[in-house]
Amino acid sequence: MKKLLIGIIILFNLLSAIPVQAQNSQIRVLVITGGHDYNKESFNAMLSDMSKYFSFEIKEFPKAYEMFSPENIDKYDVLVFYHMWQSISEEQKKVLSDCIFNGKPLVVLHHSICAFDNWEEYIHIIGGKYFNQPSVLNGKEYPVSSYKHDIRFIVNVLDSNHLVTKGLKDFEVFDETYKDFYVEPDVKPLLQTIESSSTPTIGWTKQYGKGHVVTIQIGHDTPTYENLNYRKLLLQAIEWVYKAR
(Lines give C-alpha, C1' and ligand atoms only; values in the text may rest on other atoms or scores of the structure.)
Protein backbone atom coordinates (compact mmCIF):
# COMPACT_ATOMS: atom_id res chain seq x y z
CA MET A 1 0.00 0.00 0.00
CA LYS A 2 2.83 2.34 0.92
CA LYS A 3 4.62 1.61 -2.41
CA LEU A 4 1.37 2.27 -4.30
CA LEU A 5 0.93 5.61 -2.54
CA ILE A 6 4.53 6.61 -3.32
CA GLY A 7 3.98 5.64 -6.97
CA ILE A 8 0.84 7.79 -7.18
CA ILE A 9 2.67 10.77 -5.69
CA ILE A 10 5.55 10.38 -8.17
CA LEU A 11 3.11 10.12 -11.11
CA PHE A 12 1.22 13.21 -9.91
CA ASN A 13 4.45 15.19 -9.69
CA LEU A 14 5.47 14.13 -13.19
CA LEU A 15 2.11 15.17 -14.67
CA SER A 16 2.23 18.48 -12.83
CA ALA A 17 5.60 19.21 -14.40
CA ILE A 18 4.23 18.90 -17.97
CA PRO A 19 3.67 22.35 -19.48
CA VAL A 20 0.03 23.36 -19.93
CA GLN A 21 0.43 23.47 -23.74
CA ALA A 22 1.62 19.87 -23.79
CA GLN A 23 -1.41 18.71 -21.78
CA ASN A 24 -3.79 20.65 -24.03
CA SER A 25 -2.90 20.01 -27.66
CA GLN A 26 -5.04 22.93 -28.87
CA ILE A 27 -3.14 25.87 -30.29
CA ARG A 28 -4.31 29.20 -28.88
CA VAL A 29 -4.98 31.56 -31.77
CA LEU A 30 -5.44 35.32 -31.45
CA VAL A 31 -7.32 36.77 -34.43
CA ILE A 32 -6.82 40.51 -35.04
CA THR A 33 -9.54 42.42 -36.90
CA GLY A 34 -10.50 46.05 -37.52
CA GLY A 35 -10.49 48.63 -40.30
CA HIS A 36 -12.49 46.53 -42.78
CA ASP A 37 -15.98 45.04 -42.82
CA TYR A 38 -16.43 41.30 -43.22
CA ASN A 39 -19.10 38.66 -42.66
CA LYS A 40 -18.47 38.04 -38.99
CA GLU A 41 -21.03 35.27 -38.67
CA SER A 42 -19.62 33.05 -41.40
CA PHE A 43 -15.99 33.92 -40.59
CA ASN A 44 -16.51 32.98 -36.94
CA ALA A 45 -18.40 29.85 -38.03
CA MET A 46 -15.34 28.77 -40.02
CA LEU A 47 -13.11 29.24 -36.99
CA SER A 48 -15.59 27.47 -34.70
CA ASP A 49 -15.75 24.50 -37.08
CA MET A 50 -11.98 24.10 -36.62
CA SER A 51 -12.12 24.40 -32.82
CA LYS A 52 -11.08 20.75 -32.53
CA TYR A 53 -7.62 21.85 -33.63
CA PHE A 54 -7.27 25.30 -32.07
CA SER A 55 -9.04 27.67 -29.75
CA PHE A 56 -9.43 31.30 -30.80
CA GLU A 57 -10.07 34.75 -29.44
CA ILE A 58 -10.82 37.81 -31.56
CA LYS A 59 -9.45 41.27 -30.73
CA GLU A 60 -10.17 44.38 -32.76
CA PHE A 61 -7.89 47.35 -33.35
CA PRO A 62 -7.10 49.69 -31.68
CA LYS A 63 -7.72 47.67 -28.49
CA ALA A 64 -5.72 44.78 -29.98
CA TYR A 65 -2.45 46.70 -29.66
CA GLU A 66 -2.19 45.77 -26.00
CA MET A 67 -1.97 42.09 -26.94
CA PHE A 68 1.47 42.56 -28.53
CA SER A 69 3.05 43.72 -25.27
CA PRO A 70 5.49 41.42 -23.40
CA GLU A 71 2.99 40.89 -20.57
CA ASN A 72 0.33 39.54 -22.95
CA ILE A 73 2.17 37.61 -25.69
CA ASP A 74 2.21 34.38 -23.66
CA LYS A 75 -1.60 34.32 -23.64
CA TYR A 76 -1.69 32.98 -27.20
CA ASP A 77 0.47 30.82 -29.48
CA VAL A 78 -0.27 32.14 -32.99
CA LEU A 79 -1.39 35.49 -34.41
CA VAL A 80 -3.84 35.62 -37.32
CA PHE A 81 -4.24 39.00 -39.02
CA TYR A 82 -7.60 39.73 -40.65
CA HIS A 83 -7.53 43.51 -40.39
CA MET A 84 -6.95 46.57 -42.55
CA TRP A 85 -6.00 49.00 -39.81
CA GLN A 86 -4.00 52.11 -40.70
CA SER A 87 -3.21 54.28 -37.66
CA ILE A 88 -0.20 53.25 -35.58
CA SER A 89 2.12 55.19 -33.30
CA GLU A 90 5.90 54.80 -33.17
CA GLU A 91 5.60 52.97 -29.86
CA GLN A 92 2.95 50.62 -31.27
CA LYS A 93 5.14 49.91 -34.29
CA LYS A 94 7.98 48.83 -32.05
CA VAL A 95 5.85 46.65 -29.78
CA LEU A 96 4.13 44.90 -32.71
CA SER A 97 7.29 44.30 -34.74
CA ASP A 98 9.23 43.16 -31.65
CA CYS A 99 6.46 40.67 -30.84
CA ILE A 100 6.84 38.93 -34.21
CA PHE A 101 10.61 39.45 -34.61
CA ASN A 102 11.16 37.73 -31.26
CA GLY A 103 9.28 34.63 -32.41
CA LYS A 104 5.51 35.01 -32.28
CA PRO A 105 4.13 33.08 -35.30
CA LEU A 106 1.87 34.95 -37.73
CA VAL A 107 -0.69 34.05 -40.42
CA VAL A 108 -1.78 36.98 -42.61
CA LEU A 109 -5.10 36.80 -44.49
CA HIS A 110 -6.55 38.74 -47.42
CA HIS A 111 -7.07 42.47 -46.75
CA SER A 112 -4.35 42.49 -44.07
CA ILE A 113 -1.86 43.15 -46.90
CA CYS A 114 -3.69 46.48 -47.40
CA ALA A 115 -2.98 47.71 -43.85
CA PHE A 116 -0.55 50.30 -42.42
CA ASP A 117 0.02 52.37 -45.57
CA ASN A 118 2.59 54.60 -43.91
CA TRP A 119 4.63 51.90 -42.18
CA GLU A 120 7.21 50.34 -44.49
CA GLU A 121 8.44 47.81 -41.93
CA TYR A 122 5.03 46.12 -42.06
CA ILE A 123 5.83 45.14 -45.65
CA HIS A 124 8.97 43.37 -44.43
CA ILE A 125 7.01 41.64 -41.66
CA ILE A 126 4.35 40.11 -43.92
CA GLY A 127 6.29 40.00 -47.22
CA GLY A 128 3.97 42.07 -49.38
CA LYS A 129 1.82 45.18 -49.79
CA TYR A 130 -1.38 46.27 -51.54
CA PHE A 131 -0.85 49.92 -52.40
CA ASN A 132 -3.82 52.13 -51.54
CA GLN A 133 -1.92 55.12 -52.93
CA PRO A 134 0.97 55.66 -55.35
CA SER A 135 4.07 54.59 -53.45
CA VAL A 136 7.85 54.45 -53.65
CA LEU A 137 9.60 51.36 -52.29
CA ASN A 138 13.33 50.72 -52.57
CA GLY A 139 13.57 53.63 -54.97
CA LYS A 140 10.93 52.23 -57.34
CA GLU A 141 7.54 53.82 -57.99
CA TYR A 142 4.41 51.67 -57.72
CA PRO A 143 0.89 52.57 -58.90
CA VAL A 144 -2.25 52.09 -56.85
CA SER A 145 -3.19 48.41 -56.67
CA SER A 146 -6.62 47.27 -57.86
CA TYR A 147 -9.23 44.73 -56.78
CA LYS A 148 -12.13 42.91 -58.36
CA HIS A 149 -15.00 41.22 -56.56
CA ASP A 150 -16.69 37.90 -57.31
CA ILE A 151 -14.08 36.26 -59.48
CA ARG A 152 -14.05 32.50 -59.94
CA PHE A 153 -10.49 31.34 -60.49
CA ILE A 154 -8.04 28.52 -59.90
CA VAL A 155 -5.47 28.60 -57.10
CA ASN A 156 -2.36 26.73 -58.20
CA VAL A 157 -0.43 24.89 -55.46
CA LEU A 158 3.29 25.26 -56.15
CA ASP A 159 4.71 22.97 -53.48
CA SER A 160 2.52 20.09 -52.33
CA ASN A 161 5.31 18.86 -50.06
CA HIS A 162 5.40 21.98 -47.89
CA LEU A 163 3.49 21.46 -44.63
CA VAL A 164 1.31 24.51 -45.32
CA THR A 165 0.06 23.11 -48.63
CA LYS A 166 0.56 19.38 -48.04
CA GLY A 167 -2.27 17.28 -49.44
CA LEU A 168 -3.69 20.16 -51.46
CA LYS A 169 -4.09 20.15 -55.23
CA ASP A 170 -5.03 23.07 -57.45
CA PHE A 171 -8.48 24.27 -56.37
CA GLU A 172 -11.17 26.74 -57.42
CA VAL A 173 -12.30 29.72 -55.35
CA PHE A 174 -14.93 32.44 -55.73
CA ASP A 175 -13.15 35.39 -54.20
CA GLU A 176 -11.78 38.91 -54.55
CA THR A 177 -8.60 39.36 -56.56
CA TYR A 178 -5.86 41.95 -55.99
CA LYS A 179 -3.67 43.16 -58.83
CA ASP A 180 -0.35 45.05 -58.83
CA PHE A 181 0.40 44.42 -55.17
CA TYR A 182 4.01 44.03 -54.12
CA VAL A 183 5.57 40.71 -53.13
CA GLU A 184 9.05 40.70 -51.63
CA PRO A 185 11.54 38.82 -53.83
CA ASP A 186 12.89 36.68 -50.98
CA VAL A 187 9.61 35.05 -49.91
CA LYS A 188 8.91 31.38 -50.65
CA PRO A 189 5.88 31.28 -52.99
CA LEU A 190 3.34 28.55 -52.24
CA LEU A 191 0.27 29.65 -54.21
CA GLN A 192 -0.14 31.28 -57.61
CA THR A 193 -2.87 32.00 -60.15
CA ILE A 194 -3.00 32.86 -63.84
CA GLU A 195 -6.18 34.93 -63.32
CA SER A 196 -5.59 38.20 -65.20
CA SER A 197 -7.14 40.40 -62.51
CA SER A 198 -4.65 39.16 -59.92
CA THR A 199 -0.97 39.43 -59.15
CA PRO A 200 0.38 35.91 -59.90
CA THR A 201 1.76 35.08 -56.43
CA ILE A 202 -1.07 34.88 -53.89
CA GLY A 203 0.45 32.88 -51.03
CA TRP A 204 3.89 32.58 -49.46
CA THR A 205 5.98 31.98 -46.38
CA LYS A 206 8.81 34.00 -44.94
CA GLN A 207 10.70 34.58 -41.71
CA TYR A 208 10.84 37.86 -39.83
CA GLY A 209 13.55 37.56 -37.21
CA LYS A 210 12.58 34.46 -35.25
CA GLY A 211 8.95 34.71 -36.33
CA HIS A 212 7.58 32.41 -39.04
CA VAL A 213 4.98 34.05 -41.29
CA VAL A 214 2.45 32.75 -43.82
CA THR A 215 0.57 35.23 -46.03
CA ILE A 216 -2.52 34.16 -48.01
CA GLN A 217 -4.17 36.74 -50.26
CA ILE A 218 -7.51 34.95 -50.69
CA GLY A 219 -10.18 34.98 -47.99
CA HIS A 220 -12.73 37.70 -48.78
CA ASP A 221 -16.13 36.29 -47.89
CA THR A 222 -18.41 33.33 -47.15
CA PRO A 223 -17.75 31.27 -50.33
CA THR A 224 -14.06 31.11 -49.40
CA TYR A 225 -14.69 30.62 -45.67
CA GLU A 226 -16.79 27.57 -46.59
CA ASN A 227 -14.29 26.23 -49.14
CA LEU A 228 -12.80 23.05 -47.66
CA ASN A 229 -9.48 23.59 -49.46
CA TYR A 230 -9.19 27.05 -47.94
CA ARG A 231 -9.99 25.71 -44.50
CA LYS A 232 -7.31 23.05 -44.87
CA LEU A 233 -4.86 25.70 -46.05
CA LEU A 234 -5.62 27.98 -43.10
CA LEU A 235 -5.41 25.17 -40.55
CA GLN A 236 -2.09 23.90 -41.92
CA ALA A 237 -0.70 27.44 -42.01
CA ILE A 238 -1.55 27.89 -38.33
CA GLU A 239 -0.07 24.51 -37.43
CA TRP A 240 3.10 25.12 -39.47
CA VAL A 241 3.97 28.54 -38.04
CA TYR A 242 3.32 27.14 -34.55
CA LYS A 243 5.49 24.03 -34.99
CA ALA A 244 8.23 25.93 -36.81
CA ARG A 245 8.92 28.15 -33.78
For N39 and S42, does a side-chain donor sit closer than 3.5 Å to a side-chain acceptor? yes
Is it the case that the side chains of Y225 and E41 hold a donor-acceptor pair, with the cut-off being a distance below 3.5 Å and no angle test? no
Going by the rule salt bridge (charged side-chain N to carboxylate O under 4.0 Å, His left out), which residues pair with E90 if we only count those two or more places apart in sequence or in a different chain? K93
Contacts of K75 meeting salt bridge (charged side-chain N to carboxylate O under 4.0 Å, His left out) (sequence neighbours excluded), chain-then-number -> none
Apart from I123 itself, which Ile, Leu, Val, Met, Phe, Trp or Tyr residues share its cluster (side-chain heavy atoms under 4.5 Å, direct or through members)? F131, L137, Y142, Y182
Heavy-atom side-chain contact between S160 and T165 under 4.5 Å: no
Check: E57 and Y76 side chains under 4.5 Å, non-hydrogen atoms: no
Listed by chain and number, what are the ring pair (Phe, Tyr, Trp, His ring centres under 6.0 Å) partners of Y230, not counting sequence neighbours? none
Could you tell me which residues satisfy side chain to side chain contact (heavy atoms under 4.5 Å, CB included) with E176, sequence neighbours excluded, listed by chain and number? H110, Y147, H149, Y178, H220
Residues two or more places apart in sequence or in another chain: which of them pass side chain to side chain contact (heavy atoms under 4.5 Å, CB included) with P200? none
Quick check, are the ring centers of [X] and [Y] under 6.0 angstrom apart?
X: H36; Y: W85; value: no
X: Y82; Y: H111; value: yes
X: Y122; Y: F116; value: yes

Stepwise side-chain hydrogen bond (donor to acceptor under 3.5 Å, both in side chains) test for S89 and E91: CA-CA 5 Å; S89 68; E91 180 182 358; 5.3 Å; no
Which is it for K206 and D186 under the salt bridge (Lys or Arg N to Asp or Glu O under 4.0 Å) test, yes or no, and what are the steps along the way? CA-CA 8 Å; K206 69 161 297 177; D186 62 344; 5.0 Å; no
